[in-house]
Participant: 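Okay, here's the structure, questions in a sec.
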2 protein chains.
Amino acid sequence: MARSGIPTRERIISAANALFYNDGIRGVSVDAVAARAGVTKRTLYYHFRSKDDLVAAYLAGRDQPNLALFRQWFGEKDDGLPAQVERVFRNLARSARHPKWKGCGFLRTSAELANMPGHPAMKIGAAHKKRFEEWLRVTFAAEGIADPLRLARQILLLLDGSFAVVLLHRDPSYMETAGQAAHALVEAALAGRAKPQSRRAR
Amino acid sequence: MARSGIPTRERIISAANALFYNDGIRGVSVDAVAARAGVTKRTLYYHFRSKDDLVAAYLAGRDQPNLALFRQWFGEKDDGLPAQVERVFRNLARSARHPKWKGCGFLRTSAELANMPGHPAMKIGAAHKKRFEEWLRVTFAAEGIADPLRLARQILLLLDGSFAVVLLHRDPSYMETAGQAAHALVEAALAGRAKPQSRRAR
DNA sequence: TTGTGTATATTCACTGGATAGTATACATAA
DNA sequence: TTATGTATACTATCCAGTGAATATACACAA
(Lines give C-alpha, C1' and ligand atoms only; values in the text may rest on other atoms or scores of the structure.)
Protein backbone atom coordinates (compact mmCIF):
# COMPACT_ATOMS: atom_id res chain seq x y z
CA MET A 1 0.00 0.00 0.00
CA ALA A 2 0.98 3.55 -0.43
CA ARG A 3 2.41 5.71 2.29
CA SER A 4 0.67 8.79 0.93
CA GLY A 5 -2.63 8.74 -0.91
CA ILE A 6 -1.08 7.95 -4.28
CA PRO A 7 -0.33 4.28 -4.87
CA THR A 8 3.33 3.33 -4.83
CA ARG A 9 3.43 2.21 -8.43
CA GLU A 10 2.10 5.57 -9.60
CA ARG A 11 4.62 7.44 -7.49
CA ILE A 12 7.44 5.42 -8.99
CA ILE A 13 6.25 6.11 -12.54
CA SER A 14 5.91 9.79 -11.73
CA ALA A 15 9.46 9.89 -10.37
CA ALA A 16 10.70 7.98 -13.40
CA ASN A 17 8.93 10.43 -15.66
CA ALA A 18 10.59 13.45 -14.09
CA LEU A 19 14.06 11.91 -14.08
CA PHE A 20 14.09 10.03 -17.38
CA TYR A 21 12.63 12.95 -19.28
CA ASN A 22 15.17 15.31 -17.83
CA ASP A 23 18.35 13.24 -17.83
CA GLY A 24 17.74 10.43 -20.30
CA ILE A 25 17.48 6.70 -19.67
CA ARG A 26 21.09 5.76 -19.15
CA GLY A 27 21.68 8.97 -17.27
CA VAL A 28 19.34 7.94 -14.46
CA SER A 29 19.95 5.05 -12.08
CA VAL A 30 17.24 2.88 -10.64
CA ASP A 31 18.41 4.01 -7.21
CA ALA A 32 17.73 7.62 -8.18
CA VAL A 33 14.19 6.82 -9.28
CA ALA A 34 13.53 4.88 -6.09
CA ALA A 35 14.92 7.68 -3.96
CA ARG A 36 12.77 10.30 -5.68
CA ALA A 37 9.71 8.13 -5.26
CA GLY A 38 10.49 7.77 -1.55
CA VAL A 39 10.83 4.02 -1.82
CA THR A 40 13.67 1.53 -1.58
CA LYS A 41 15.08 0.00 -4.70
CA ARG A 42 13.80 -3.38 -3.64
CA THR A 43 10.25 -2.01 -3.60
CA LEU A 44 10.72 -0.63 -7.07
CA TYR A 45 11.77 -4.07 -8.23
CA TYR A 46 8.66 -5.49 -6.65
CA HIS A 47 6.53 -3.36 -8.99
CA PHE A 48 8.74 -3.52 -12.10
CA ARG A 49 10.61 -6.52 -13.38
CA SER A 50 13.59 -4.52 -14.63
CA LYS A 51 14.78 -1.06 -15.54
CA ASP A 52 13.66 -1.67 -19.12
CA ASP A 53 10.21 -2.45 -17.78
CA LEU A 54 10.22 0.83 -15.88
CA VAL A 55 11.29 2.72 -18.98
CA ALA A 56 8.41 1.19 -20.90
CA ALA A 57 5.99 2.24 -18.17
CA TYR A 58 7.43 5.76 -18.24
CA LEU A 59 6.74 6.13 -21.94
CA ALA A 60 3.36 4.43 -21.80
CA GLY A 61 2.35 6.99 -19.21
CA ARG A 62 3.11 9.85 -21.59
CA ASP A 63 1.14 8.47 -24.54
CA GLN A 64 -2.44 9.57 -23.90
CA PRO A 65 -1.74 12.91 -22.16
CA ASN A 66 0.43 13.91 -25.08
CA LEU A 67 -2.17 13.07 -27.68
CA ALA A 68 -4.86 14.80 -25.66
CA LEU A 69 -2.80 17.98 -25.56
CA PHE A 70 -2.37 18.03 -29.32
CA ARG A 71 -6.07 17.44 -29.84
CA GLN A 72 -6.90 20.23 -27.42
CA TRP A 73 -4.67 22.74 -29.17
CA PHE A 74 -6.03 21.70 -32.54
CA GLY A 75 -9.64 22.00 -31.43
CA GLU A 76 -9.44 25.27 -29.49
CA LYS A 77 -10.97 27.13 -32.40
CA ASP A 78 -12.63 25.88 -35.57
CA ASP A 79 -10.83 28.40 -37.77
CA GLY A 80 -9.96 26.14 -40.68
CA LEU A 81 -7.58 23.25 -41.08
CA PRO A 82 -4.42 25.21 -41.92
CA ALA A 83 -4.84 27.48 -38.91
CA GLN A 84 -5.70 24.59 -36.62
CA VAL A 85 -2.60 22.67 -37.62
CA GLU A 86 -0.42 25.74 -37.32
CA ARG A 87 -1.80 26.41 -33.85
CA VAL A 88 -0.41 23.09 -32.65
CA PHE A 89 3.06 24.26 -33.63
CA ARG A 90 2.61 27.65 -32.02
CA ASN A 91 1.49 26.08 -28.76
CA LEU A 92 4.41 23.73 -28.90
CA ALA A 93 6.75 26.68 -29.31
CA ARG A 94 5.24 28.16 -26.18
CA SER A 95 5.87 24.93 -24.27
CA ALA A 96 9.41 24.81 -25.56
CA ARG A 97 10.19 28.14 -23.99
CA HIS A 98 9.80 26.69 -20.52
CA PRO A 99 13.27 26.00 -19.14
CA LYS A 100 12.43 22.42 -18.18
CA TRP A 101 11.40 21.51 -21.72
CA LYS A 102 13.68 18.87 -23.20
CA GLY A 103 12.06 17.86 -26.46
CA CYS A 104 9.94 14.80 -27.10
CA GLY A 105 10.46 12.00 -24.61
CA PHE A 106 9.60 9.37 -27.19
CA LEU A 107 12.10 10.64 -29.75
CA ARG A 108 14.84 11.16 -27.21
CA THR A 109 14.39 7.67 -25.83
CA SER A 110 14.40 6.17 -29.31
CA ALA A 111 17.59 8.07 -30.12
CA GLU A 112 19.22 6.76 -26.98
CA LEU A 113 18.12 3.16 -27.48
CA ALA A 114 18.62 3.10 -31.25
CA ASN A 115 20.87 0.08 -30.97
CA MET A 116 18.10 -1.98 -29.30
CA PRO A 117 15.36 -2.04 -31.92
CA GLY A 118 13.38 -4.68 -30.04
CA HIS A 119 13.32 -2.74 -26.78
CA PRO A 120 9.77 -2.38 -25.45
CA ALA A 121 10.26 1.38 -25.21
CA MET A 122 10.90 1.54 -28.95
CA LYS A 123 7.64 -0.22 -29.64
CA ILE A 124 5.72 2.11 -27.36
CA GLY A 125 7.30 5.15 -28.96
CA ALA A 126 6.54 3.92 -32.46
CA ALA A 127 2.95 3.15 -31.50
CA HIS A 128 2.54 6.62 -30.02
CA LYS A 129 3.71 8.32 -33.18
CA LYS A 130 1.51 6.05 -35.27
CA ARG A 131 -1.51 7.03 -33.20
CA PHE A 132 -0.74 10.69 -33.74
CA GLU A 133 -0.29 10.11 -37.45
CA GLU A 134 -3.56 8.19 -37.63
CA TRP A 135 -5.45 10.94 -35.83
CA LEU A 136 -4.14 13.47 -38.35
CA ARG A 137 -4.97 11.17 -41.26
CA VAL A 138 -8.57 10.70 -40.13
CA THR A 139 -8.93 14.42 -39.55
CA PHE A 140 -7.62 15.22 -43.02
CA ALA A 141 -9.72 12.50 -44.63
CA ALA A 142 -12.85 14.03 -43.08
CA GLU A 143 -11.99 17.25 -44.90
CA GLY A 144 -11.86 15.49 -48.24
CA ILE A 145 -8.12 15.78 -48.75
CA ALA A 146 -6.97 13.57 -51.59
CA ASP A 147 -4.03 11.79 -49.94
CA PRO A 148 -4.64 12.27 -46.22
CA LEU A 149 -1.95 9.80 -45.13
CA ARG A 150 0.75 11.61 -47.05
CA LEU A 151 -0.23 14.96 -45.62
CA ALA A 152 -0.43 13.49 -42.11
CA ARG A 153 3.09 12.16 -42.46
CA GLN A 154 4.40 15.46 -43.75
CA ILE A 155 2.96 17.27 -40.74
CA LEU A 156 4.42 14.62 -38.46
CA LEU A 157 7.83 15.06 -40.08
CA LEU A 158 7.71 18.81 -39.51
CA LEU A 159 6.63 18.30 -35.94
CA ASP A 160 9.31 15.78 -35.05
CA GLY A 161 11.85 17.82 -36.96
CA SER A 162 11.05 20.82 -34.85
CA PHE A 163 11.47 18.75 -31.66
CA ALA A 164 14.94 17.76 -32.78
CA VAL A 165 16.05 21.15 -34.07
CA VAL A 166 14.74 23.14 -31.13
CA LEU A 167 16.38 20.75 -28.71
CA LEU A 168 19.72 21.32 -30.44
CA HIS A 169 19.54 25.09 -30.92
CA ARG A 170 17.32 25.98 -28.00
CA ASP A 171 15.47 28.31 -30.33
CA PRO A 172 11.69 27.70 -30.33
CA SER A 173 11.16 30.01 -33.29
CA TYR A 174 11.94 27.00 -35.47
CA MET A 175 8.60 25.63 -34.36
CA GLU A 176 6.84 28.64 -35.76
CA THR A 177 8.73 28.19 -39.03
CA ALA A 178 7.62 24.55 -39.07
CA GLY A 179 4.07 25.70 -38.41
CA GLN A 180 4.18 28.00 -41.41
CA ALA A 181 5.40 25.15 -43.60
CA ALA A 182 2.62 22.94 -42.26
CA HIS A 183 0.08 25.67 -42.94
CA ALA A 184 1.27 25.93 -46.55
CA LEU A 185 1.20 22.18 -47.11
CA VAL A 186 -2.31 21.82 -45.67
CA GLU A 187 -3.57 24.77 -47.66
CA ALA A 188 -2.15 23.36 -50.88
CA ALA A 189 -3.73 19.99 -50.16
CA LEU A 190 -7.09 21.64 -49.49
CA ALA A 191 -6.89 23.59 -52.74
CA GLY A 192 -6.34 20.40 -54.65
CA ARG A 193 -9.24 18.37 -53.25
CA ALA A 194 -12.14 17.24 -55.46
CA LYS A 195 -15.14 18.89 -53.83
CA PRO A 196 -14.94 21.24 -50.83
CA GLN A 197 -16.74 19.54 -47.96
CA SER A 198 -18.64 20.59 -44.85
CA ARG A 199 -16.49 23.55 -43.87
CA ARG A 200 -16.60 27.15 -45.02
CA ALA A 201 -13.37 28.25 -46.64
CA ARG A 202 -11.35 29.50 -43.64
CA MET B 1 53.67 7.38 -32.78
CA ALA B 2 51.30 5.06 -34.47
CA ARG B 3 51.73 1.34 -34.56
CA SER B 4 50.22 1.08 -38.03
CA GLY B 5 50.47 3.79 -40.65
CA ILE B 6 47.55 5.74 -39.22
CA PRO B 7 48.39 7.98 -36.26
CA THR B 8 47.09 6.86 -32.91
CA ARG B 9 44.81 9.83 -32.43
CA GLU B 10 43.09 9.18 -35.74
CA ARG B 11 42.62 5.51 -34.90
CA ILE B 12 41.02 6.43 -31.59
CA ILE B 13 38.62 8.87 -33.25
CA SER B 14 37.75 6.27 -35.84
CA ALA B 15 37.01 3.71 -33.13
CA ALA B 16 35.00 6.28 -31.20
CA ASN B 17 33.03 7.08 -34.33
CA ALA B 18 32.05 3.47 -34.93
CA LEU B 19 31.10 2.82 -31.32
CA PHE B 20 29.45 6.10 -30.35
CA TYR B 21 27.40 6.23 -33.53
CA ASN B 22 26.20 2.69 -33.05
CA ASP B 23 25.60 2.52 -29.30
CA GLY B 24 25.29 6.11 -28.14
CA ILE B 25 27.58 8.07 -25.85
CA ARG B 26 26.66 6.66 -22.48
CA GLY B 27 26.34 3.20 -23.96
CA VAL B 28 30.05 3.06 -24.78
CA SER B 29 32.84 3.00 -22.24
CA VAL B 30 36.22 4.60 -22.71
CA ASP B 31 37.72 1.13 -22.29
CA ALA B 32 35.69 -0.11 -25.25
CA VAL B 33 36.92 2.71 -27.47
CA ALA B 34 40.52 2.10 -26.44
CA ALA B 35 40.18 -1.63 -27.05
CA ARG B 36 38.74 -1.10 -30.51
CA ALA B 37 41.50 1.34 -31.36
CA GLY B 38 44.06 -1.24 -30.23
CA VAL B 39 45.37 1.07 -27.55
CA THR B 40 45.34 1.11 -23.78
CA LYS B 41 43.05 3.45 -21.95
CA ARG B 42 46.01 5.42 -20.64
CA THR B 43 47.09 6.18 -24.19
CA LEU B 44 43.63 7.38 -24.99
CA TYR B 45 43.77 9.72 -22.03
CA TYR B 46 47.07 11.01 -23.31
CA HIS B 47 45.37 12.18 -26.51
CA PHE B 48 42.06 13.30 -25.01
CA ARG B 49 41.55 15.08 -21.75
CA SER B 50 38.28 13.33 -20.92
CA LYS B 51 35.47 11.30 -22.39
CA ASP B 52 33.59 14.51 -23.15
CA ASP B 53 36.62 15.69 -25.10
CA LEU B 54 36.57 12.45 -27.09
CA VAL B 55 32.87 12.84 -27.80
CA ALA B 56 33.50 16.32 -29.13
CA ALA B 57 36.25 15.00 -31.40
CA TYR B 58 33.93 12.25 -32.62
CA LEU B 59 31.31 14.77 -33.71
CA ALA B 60 33.81 17.23 -35.12
CA GLY B 61 35.09 14.43 -37.33
CA ARG B 62 31.65 13.92 -38.84
CA ASP B 63 31.00 17.56 -39.68
CA GLN B 64 32.71 18.10 -43.04
CA PRO B 65 32.17 14.62 -44.54
CA ASN B 66 28.48 14.94 -43.81
CA LEU B 67 28.15 18.33 -45.44
CA ALA B 68 30.19 17.17 -48.43
CA LEU B 69 27.83 14.25 -48.94
CA PHE B 70 24.77 16.50 -49.00
CA ARG B 71 26.44 18.86 -51.42
CA GLN B 72 27.40 15.95 -53.66
CA TRP B 73 23.88 14.57 -53.78
CA PHE B 74 22.47 18.02 -54.43
CA GLY B 75 24.91 18.75 -57.23
CA GLU B 76 24.78 15.40 -59.04
CA LYS B 77 22.51 16.87 -61.68
CA ASP B 78 21.48 20.44 -62.39
CA ASP B 79 17.84 19.57 -62.87
CA GLY B 80 16.24 22.43 -60.99
CA LEU B 81 16.10 23.36 -57.33
CA PRO B 82 13.06 21.30 -56.32
CA ALA B 83 14.49 18.14 -57.87
CA GLN B 84 17.93 18.78 -56.42
CA VAL B 85 16.55 19.20 -52.93
CA GLU B 86 14.35 16.15 -53.27
CA ARG B 87 17.32 14.09 -54.44
CA VAL B 88 19.05 14.70 -51.13
CA PHE B 89 16.12 13.06 -49.37
CA ARG B 90 16.03 10.15 -51.79
CA ASN B 91 19.73 9.48 -51.32
CA LEU B 92 19.25 9.69 -47.60
CA ALA B 93 16.50 7.10 -47.80
CA ARG B 94 18.91 4.82 -49.64
CA SER B 95 21.49 5.26 -46.88
CA ALA B 96 18.87 4.58 -44.26
CA ARG B 97 18.17 1.15 -45.71
CA HIS B 98 21.63 -0.05 -44.76
CA PRO B 99 21.30 -2.09 -41.57
CA LYS B 100 24.05 -0.17 -39.76
CA TRP B 101 22.29 3.16 -40.27
CA LYS B 102 21.28 4.72 -36.96
CA GLY B 103 20.05 8.20 -37.80
CA CYS B 104 21.97 11.43 -37.45
CA GLY B 105 24.87 11.25 -35.01
CA PHE B 106 24.53 14.93 -34.15
CA LEU B 107 20.84 14.71 -33.34
CA ARG B 108 21.18 11.49 -31.39
CA THR B 109 24.00 12.91 -29.32
CA SER B 110 22.07 16.08 -28.64
CA ALA B 111 19.07 14.02 -27.55
CA GLU B 112 21.23 12.03 -25.18
CA LEU B 113 23.02 15.04 -23.71
CA ALA B 114 19.97 17.32 -23.63
CA ASN B 115 20.48 17.96 -19.92
CA MET B 116 23.99 19.35 -20.52
CA PRO B 117 23.36 22.36 -22.77
CA GLY B 118 26.91 23.60 -22.35
CA HIS B 119 28.51 20.32 -23.38
CA PRO B 120 31.06 20.83 -26.18
CA ALA B 121 29.30 18.18 -28.24
CA MET B 122 26.11 20.24 -28.20
CA LYS B 123 27.96 23.25 -29.55
CA ILE B 124 29.55 21.20 -32.33
CA GLY B 125 26.21 19.68 -33.26
CA ALA B 126 24.52 23.06 -33.35
CA ALA B 127 27.31 24.53 -35.45
CA HIS B 128 27.06 21.64 -37.89
CA LYS B 129 23.34 22.15 -38.41
CA LYS B 130 23.86 25.88 -38.76
CA ARG B 131 26.44 25.29 -41.48
CA PHE B 132 23.99 23.07 -43.33
CA GLU B 133 21.25 25.66 -42.96
CA GLU B 134 23.56 28.40 -44.17
CA TRP B 135 24.58 26.42 -47.24
CA LEU B 136 20.91 25.95 -48.12
CA ARG B 137 20.18 29.61 -47.49
CA VAL B 138 22.96 30.78 -49.79
CA THR B 139 21.87 28.32 -52.45
CA PHE B 140 18.28 29.51 -52.28
CA ALA B 141 19.31 33.16 -52.22
CA ALA B 142 21.27 32.65 -55.44
CA GLU B 143 18.05 31.49 -57.06
CA GLY B 144 16.26 34.67 -56.10
CA ILE B 145 13.97 33.14 -53.54
CA ALA B 146 12.26 35.82 -51.48
CA ASP B 147 12.88 34.49 -47.97
CA PRO B 148 15.77 32.04 -48.40
CA LEU B 149 16.41 31.62 -44.67
CA ARG B 150 12.86 30.57 -44.00
CA LEU B 151 12.89 28.03 -46.81
CA ALA B 152 16.28 26.72 -45.69
CA ARG B 153 14.93 26.17 -42.20
CA GLN B 154 11.84 24.42 -43.48
CA ILE B 155 13.98 22.01 -45.48
CA LEU B 156 16.18 21.47 -42.47
CA LEU B 157 13.13 20.72 -40.34
CA LEU B 158 11.92 18.13 -42.82
CA LEU B 159 15.35 16.57 -42.99
CA ASP B 160 15.87 16.32 -39.26
CA GLY B 161 12.29 15.17 -38.86
CA SER B 162 12.91 12.33 -41.23
CA PHE B 163 16.02 11.33 -39.28
CA ALA B 164 13.96 11.08 -36.13
CA VAL B 165 10.93 9.37 -37.62
CA VAL B 166 12.87 6.84 -39.66
CA LEU B 167 14.98 5.96 -36.64
CA LEU B 168 11.82 5.25 -34.68
CA HIS B 169 9.84 3.34 -37.29
CA ARG B 170 12.71 1.90 -39.30
CA ASP B 171 10.78 2.85 -42.43
CA PRO B 172 12.89 4.92 -44.85
CA SER B 173 9.87 5.70 -47.01
CA TYR B 174 9.22 8.60 -44.66
CA MET B 175 12.28 10.22 -46.17
CA GLU B 176 10.73 10.10 -49.58
CA THR B 177 7.57 11.66 -48.16
CA ALA B 178 9.69 14.39 -46.62
CA GLY B 179 11.39 14.87 -49.98
CA GLN B 180 8.03 15.38 -51.65
CA ALA B 181 7.09 17.99 -49.07
CA ALA B 182 10.44 19.70 -49.58
CA HIS B 183 9.90 19.65 -53.34
CA ALA B 184 6.51 21.31 -52.95
CA LEU B 185 7.82 23.99 -50.60
CA VAL B 186 10.74 24.85 -52.86
CA GLU B 187 8.52 24.93 -55.92
CA ALA B 188 6.05 27.24 -54.19
CA ALA B 189 8.88 29.54 -53.12
CA LEU B 190 10.24 29.62 -56.66
CA ALA B 191 6.83 30.46 -58.09
CA GLY B 192 6.55 33.39 -55.73
CA ARG B 193 9.92 35.02 -56.45
CA ALA B 194 10.10 38.47 -58.04
CA LYS B 195 12.05 37.82 -61.21
CA PRO B 196 13.23 34.35 -62.32
CA GLN B 197 17.02 34.38 -62.27
CA SER B 198 19.84 32.62 -64.08
CA ARG B 199 18.26 29.18 -64.38
CA ARG B 200 15.80 27.79 -66.91
CA ALA B 201 12.55 26.71 -65.30
CA ARG B 202 13.25 23.09 -64.35
C1' DT C 1 -14.13 -11.01 19.43
C1' DT C 2 -9.98 -13.37 18.77
C1' DG C 3 -6.76 -16.14 16.40
C1' DT C 4 -4.57 -17.72 12.12
C1' DG C 5 -3.26 -18.25 7.41
C1' DT C 6 -2.09 -16.08 3.07
C1' DA C 7 -1.14 -12.72 -0.41
C1' DT C 8 0.54 -8.18 -0.89
C1' DA C 9 3.90 -4.71 -0.02
C1' DT C 10 8.12 -3.07 1.83
C1' DT C 11 12.85 -2.88 4.00
C1' DC C 12 17.98 -3.75 4.83
C1' DA C 13 22.02 -5.41 3.27
C1' DC C 14 24.49 -7.34 -0.22
C1' DT C 15 26.95 -9.03 -4.87
C1' DG C 16 29.32 -8.98 -8.97
C1' DG C 17 30.67 -6.25 -12.44
C1' DA C 18 31.41 -2.04 -14.93
C1' DT C 19 33.25 2.73 -15.22
C1' DA C 20 35.94 7.28 -15.52
C1' DG C 21 40.05 8.63 -14.47
C1' DT C 22 45.10 8.22 -12.37
C1' DA C 23 50.01 7.00 -10.44
C1' DT C 24 53.94 5.34 -12.05
C1' DA C 25 57.10 3.51 -15.07
C1' DC C 26 59.07 2.40 -19.53
C1' DA C 27 60.37 3.26 -24.39
C1' DT C 28 61.91 5.93 -28.25
C1' DA C 29 63.50 9.70 -30.98
C1' DA C 30 65.25 14.56 -31.57
C1' DT D 1 68.29 14.56 -21.74
C1' DT D 2 64.07 15.94 -22.63
C1' DA D 3 59.55 15.69 -24.88
C1' DT D 4 56.47 12.48 -26.78
C1' DG D 5 53.92 8.39 -26.56
C1' DT D 6 52.55 3.91 -24.69
C1' DA D 7 51.75 0.28 -21.13
C1' DT D 8 50.61 -2.07 -16.45
C1' DA D 9 48.11 -1.80 -12.64
C1' DC D 10 45.29 0.61 -9.59
C1' DT D 11 41.36 3.51 -7.12
C1' DA D 12 37.02 5.06 -5.92
C1' DT D 13 32.52 5.05 -7.32
C1' DC D 14 28.43 3.67 -9.29
C1' DC D 15 24.96 0.48 -10.83
C1' DA D 16 21.43 -3.28 -12.02
C1' DG D 17 19.63 -6.72 -9.75
C1' DT D 18 18.93 -10.22 -5.54
C1' DG D 19 18.36 -12.86 -0.83
C1' DA D 20 16.13 -13.04 3.20
C1' DA D 21 13.35 -11.14 6.37
C1' DT D 22 9.54 -8.23 7.94
C1' DA D 23 5.18 -5.66 8.04
C1' DT D 24 0.38 -4.94 6.77
C1' DA D 25 -4.35 -6.16 5.18
C1' DC D 26 -7.85 -9.12 4.91
C1' DA D 27 -10.52 -13.56 4.74
C1' DC D 28 -12.33 -16.85 7.58
C1' DA D 29 -12.65 -20.17 11.50
C1' DA D 30 -13.27 -20.75 16.56
Side-chain angles (χ1 to χ4, degrees), chain A residues 1-59 61 109 112-113 115-116 118-122, chain B residues 1-59 61 109 112-113 115-116 118-122:
Chain A
M1 228 6 122
R3 192 174 291 153
S4 70
I6 305 138
T8 306
R9 189 189 155 89
E10 300 300 311
R11 289 216 320 285
I12 295 171
I13 290 179
S14 170
N17 184 48
L19 293 175
F20 285 149
Y21 178 72
N22 198 66
D23 299 331
I25 306 304
R26 291 198 255 239
V28 172
S29 70
V30 174
D31 295 76
V33 175
R36 185 178 177 114
V39 149
T40 62
K41 182 162 56 170
R42 201 65 187 80
T43 297
L44 189 152
Y45 274 102
Y46 175 81
H47 291 278
F48 301 92
R49 206 172 333 103
S50 64
K51 184 178 181 180
D52 287 345
D53 201 28
L54 178 61
V55 172
Y58 146 63
L59 284 187
T109 303
E112 200 175 342
L113 307 182
N115 61 334
M116 313 169 81
H119 195 290
M122 294 292 280
Chain B
M1 240 348 133
R3 191 174 292 152
S4 69
I6 306 138
T8 307
R9 188 187 156 88
E10 300 300 311
R11 289 216 321 285
I12 295 171
I13 290 179
S14 170
N17 184 51
L19 292 175
F20 285 148
Y21 178 71
N22 198 66
D23 299 330
I25 306 304
R26 292 198 253 238
V28 172
S29 70
V30 175
D31 295 77
V33 174
R36 185 177 177 115
V39 150
T40 63
K41 184 162 54 169
R42 198 61 189 84
T43 297
L44 189 152
Y45 273 102
Y46 175 80
H47 290 278
F48 300 93
R49 206 174 331 105
S50 64
K51 183 178 182 180
D52 287 345
D53 201 29
L54 179 59
V55 172
Y58 145 63
L59 284 187
T109 303
E112 199 175 343
L113 306 182
N115 61 335
M116 313 170 80
H119 194 290
M122 295 292 280

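Numbered from 1 within each chain, the chains take letters A, B, ... in sequence-line order.
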Participant: Starting at CG of B:L44 and ending at P of D:dT8, how long is that distance when rounded to a whole Å?
Facilitator: 15 Å

Participant: Heavy-atom distance under 4.5 Å between the side chains of B:K51 and B:I25, does that happen here?
Facilitator: yes

Participant: Starting at CD of B:E10 and ending at P of D:dG5, how long is that distance when rounded to a whole Å?
Facilitator: 13 Å

Participant: Answer with base, sugar-phosphate or nothing: what part of the nucleic acid does A:S29 contact at a heavy-atom distance below 4.0 Å?
Facilitator: sugar-phosphate

Participant: Could you check how far NE2 of B:H47 sits from P of D:dG5, rounded to whole Å?
Facilitator: 6 Å

Participant: Atom CZ of A:F20 and atom CG of A:L54: how far apart are they, to the nearest 0.5 Å?
Facilitator: 4.5 Å

Participant: For B:V33, which contact category applies under a 4.0 Å heavy-atom criterion: base, sugar-phosphate, or nothing?
Facilitator: nothing

Participant: I need the OH-C1' distance between A:Y45 and C:dA9, as an integer number of Å.
Facilitator: 18 Å

Participant: Does C:dT11 have OP1 or OP2 under 4.0 Å away from a side-chain N or O of A:T43?
Facilitator: yes

Participant: Considering only heavy atoms and no angle criterion, is a donor-acceptor pair shorter than 3.5 Å present between the side chain of B:K51 and the base of C:dG21?
Facilitator: no

Participant: Under a 4.5 Å cut-off applied to non-hydrogen side-chain atoms, are B:Y58 and B:L19 in contact?
Facilitator: no

Participant: Nearest-nucleotide wise, let me know which of A:R42 and A:D31 is further upstream toward the 5' end of DNA chain D.
Facilitator: A:D31

Participant: Does the D:dA7 base have a donor-acceptor partner in the side chain of B:K41 within less than 3.5 Å?
Facilitator: no

Participant: What I'd like to find out is whether the side chain of B:E112 reaches to under 4.5 Å of the side chain of B:R26, using heavy atoms alone.
Facilitator: yes

Participant: Find the distance A:R26:CZ to C:dA20:P and express it as a whole number of Å.
Facilitator: 12 Å

Participant: Check the distance between C:dT22's C1' and B:Y46's OH and give it to me in whole angstrom.
Facilitator: 16 Å

Participant: In this structure, how many angstroms lie between the P atom of D:dC15 and the CG atom of A:L19, rounded?
Facilitator: 12 Å

